[in-house]
Amino acid sequence: MNLERDLDLGTHLGLGVGWRPELALAIDRRPDVGFVEILAENVDPRRPLPAPLRRLRERGVRIVVHSIGLSLGGAAPVDRRRLDRLARVAEWAGAVCVSDHVAFVRAGGRGTGHLLPVPRTEAALAVLCDNVAQARRVLPVPLALENIATLFDWPGNTFDEPALLTRLTAETGALLVLDVSNLYANARNLGFDGGAWLARAPLARIAYAHVGGGVARNGLWHDTHAHAVPPESLALLRQLRREAPLPGVLLERDDRFPPAAELDAELDAIAGAAELEVAPVALPSPAPPAPAPPAPASDRRALAVDQHALVGALMAGEAVPRGFDARLLEAEAQMLAAKRLRAAGRAWPRLDLEGAHRARFLAWARANPLAEADCGWEDGRRFRASL
C-alpha cells in the first residue's frame, strides 16, 4: 500500500545544507536556510529528534531524509527491513521527501561501502524500476533519485544516463535529485559534455539539486564532499537554473568542515548561481507509476552474476570482468579501500589505521571483503580481532 501522504508540495525549498553535527551552529545562525538533509543511516528513530533539528523544524525549515542503503540498482529485491526503517525515519523527522541513488551497494553477500553505477540496459532498467516501485509502495513520502559520481562505466551500455533517468522517472513516477557536482565529475572522468547531458535530462522532475566539492588525484576527479565546490559545478548549476525550474539546491559537506565565514561564502555563491530568490519554484508532484509487470527473474539472475563479478574485482582483488577498463577499476578499488579504512578508523581511533596499521589493514581488507551488513565499527572490530 502506498502511504504517500498529501504533503504541501507547493513549498519552495530554497537553499539547503546537508545537516551534520559539526555544521549545526552555522546552519542555525543562517536565516535563509530553507531545508536540510539528514542521513538516514546516521540517526536513530527510536530516540527523540535532536534538539538542533527540532529547532530548525519549528522555525519552518524542511527536512529531507537522504539514504545510501537501499541499493535500488541491485539485482536483489529491496531489503524490506531497510525500507521499513527508512519509512520510520521519514515519519520521525517529518520529512518532505526521501532520496536515494541510482546505484547499488551490495551484491552476492558482499557490501561495497560506496555507491556503484548500474548498467544502462533494458534488463537492468527493468530491475531498477521494479525496485523503485517496491520502495514507493512502502515509503510515506515522495521518493527522489540521485545521479551518482563514478570513476568507471559499464561496457555494453545501450543508452546514456539522461535517457536512463528520463525513462526511470517516467516509468516509476519518482522525482530527481540532480547532483551537478557528480555530473561534473563524470563528464571530466568519462569524457562527455556536461552541458549537453543537462539539456537531455528530465529536468521537470527535479525535487532539488546537490552541489559538493572534490579534488583531482592522478588525473581523475574525486567527488569528496570535503573540498571547496569547483567553479565548473557552479557553472553547471547556473545552466540548470536557466533551463528548468529549481525548487531548491543543497550543499553537501561531510568532512574537513570549513570555518563559518568560508561556509557562508560558499552558500552565498550557490544561492547566487541558482537565483533562488528570483522566482521561487514549487516541488513537482510525484506521479503514479506506469503499470508494468515485475522484472523477470532471468533479468535479476543475469544482473546478479554481473554485479557479483564487479564487486569481487573491486573489493577482493578478483579478475576484472570482461570489457571493463582495468585502470579505472583499480582506481575505484583504491578509493573504496581508502574509504573503508577511514570508516573503520573513525569507529576505532585507537587502532591508528591512518598510521601504524594502514598497510596491514589494506592487505587484510583485500582478503576480507565487506559483508552486506558491515559498517565501520564492525569492520574495525573484525580487523582488531585479526591482530
(message) Testing the 3.5 Å rule here: is there a donor-acceptor pair between the side chains of Asp153 and Asn157?
(response) yes
(message) Once side-chain hydrogen bond (donor to acceptor under 3.5 Å, both in side chains) is applied, do any residues pair with Arg256, and if so which ones, sequence neighbours excluded?
(response) His227
(request) Identify, with sequence neighbours excluded, every residue that meets salt bridge (Lys or Arg N to Asp or Glu O under 4.0 Å) alongside Arg358. (result) Glu354
(request) Show which residues join Phe383 in its hydrophobic cluster (side-chain heavy-atom contacts under 4.5 Å, direct or indirect), or state none. (result) Leu341, Trp348, Leu351, Leu353, Phe361, Leu362, Trp364, Trp377, Leu387
(message) Checking Arg350 now: which residues fulfil salt bridge (Lys or Arg N to Asp or Glu O under 4.0 Å) with it, not counting sequence neighbours?
(response) none
(message) Could you work out, with side chain to side chain contact (heavy atoms under 4.5 Å, CB included) as the rule, every residue matching Arg366, not counting sequence neighbours?
(response) Ala333
(message) Suppose we screen for salt bridge (Lys or Arg N to Asp or Glu O under 4.0 Å). Which residues come up paired with Arg46, at least two apart in sequence or across chains?
(response) Asp44
(message) Check Asp268 with Arg30, please: is the shortest side-chain N to carboxylate O separation under 4.0 Å?
(response) yes
(request) Enumerate the residue pairs fulfilling ring pair (Phe, Tyr, Trp, His ring centres under 6.0 Å) with a member in residues 35-90, sequence neighbours excluded, ordered by first and then second residue. (result) Phe35-Tyr208, His66-His101, His66-His210
(message) Tell me whether Arg88 is salt-bridged to Glu91, with the criterion being a basic N under 4.0 Å from an acidic carboxylate O.
(response) no
(request) Name all pairs fulfilling the side-chain hydrogen bond (donor to acceptor under 3.5 Å, both in side chains) condition that reach into residues 294-319, sequence neighbours left out, sorted by first residue then second. (result) Arg110-Glu318, Asp130-Arg300, Asn131-Arg300
(message) With ring pair (Phe, Tyr, Trp, His ring centres under 6.0 Å) as the rule and sequence neighbours excluded, what pairs involving residues 159-184 come up?
(response) Tyr184-Trp221
Side-chain donor-acceptor pairs under 3.5 Å in residues 166-176, sequence neighbours left out?
from   : atom 1 : to     : atom 2 : distance (Å)
Thr166 : OG1    : Pro162 : O      : 2.8
Arg167 : NE     : Glu171 : OE2    : 3.4
Arg167 : NH1    : Glu122 : OE1    : 3.3
Arg167 : NH1    : Glu122 : OE2    : 2.7
Arg167 : NH2    : Glu122 : OE1    : 2.9
Thr169 : OG1    : Leu165 : O      : 2.8
Thr169 : OG1    : Thr166 : O      : 3.2
Thr172 : OG1    : Leu168 : O      : 2.7
Thr172 : OG1    : Ala174 : N      : 3.2

(message) Strictly by salt bridge (charged side-chain N to carboxylate O under 4.0 Å, His left out), give each pair with a member in residues 193-216 just once, sequence neighbours left out.
(response) Asp160-Arg200
(message) List the residues meeting salt bridge (Lys or Arg N to Asp or Glu O under 4.0 Å) with Glu41, not counting sequence neighbours, and say none if there are none.
(response) none
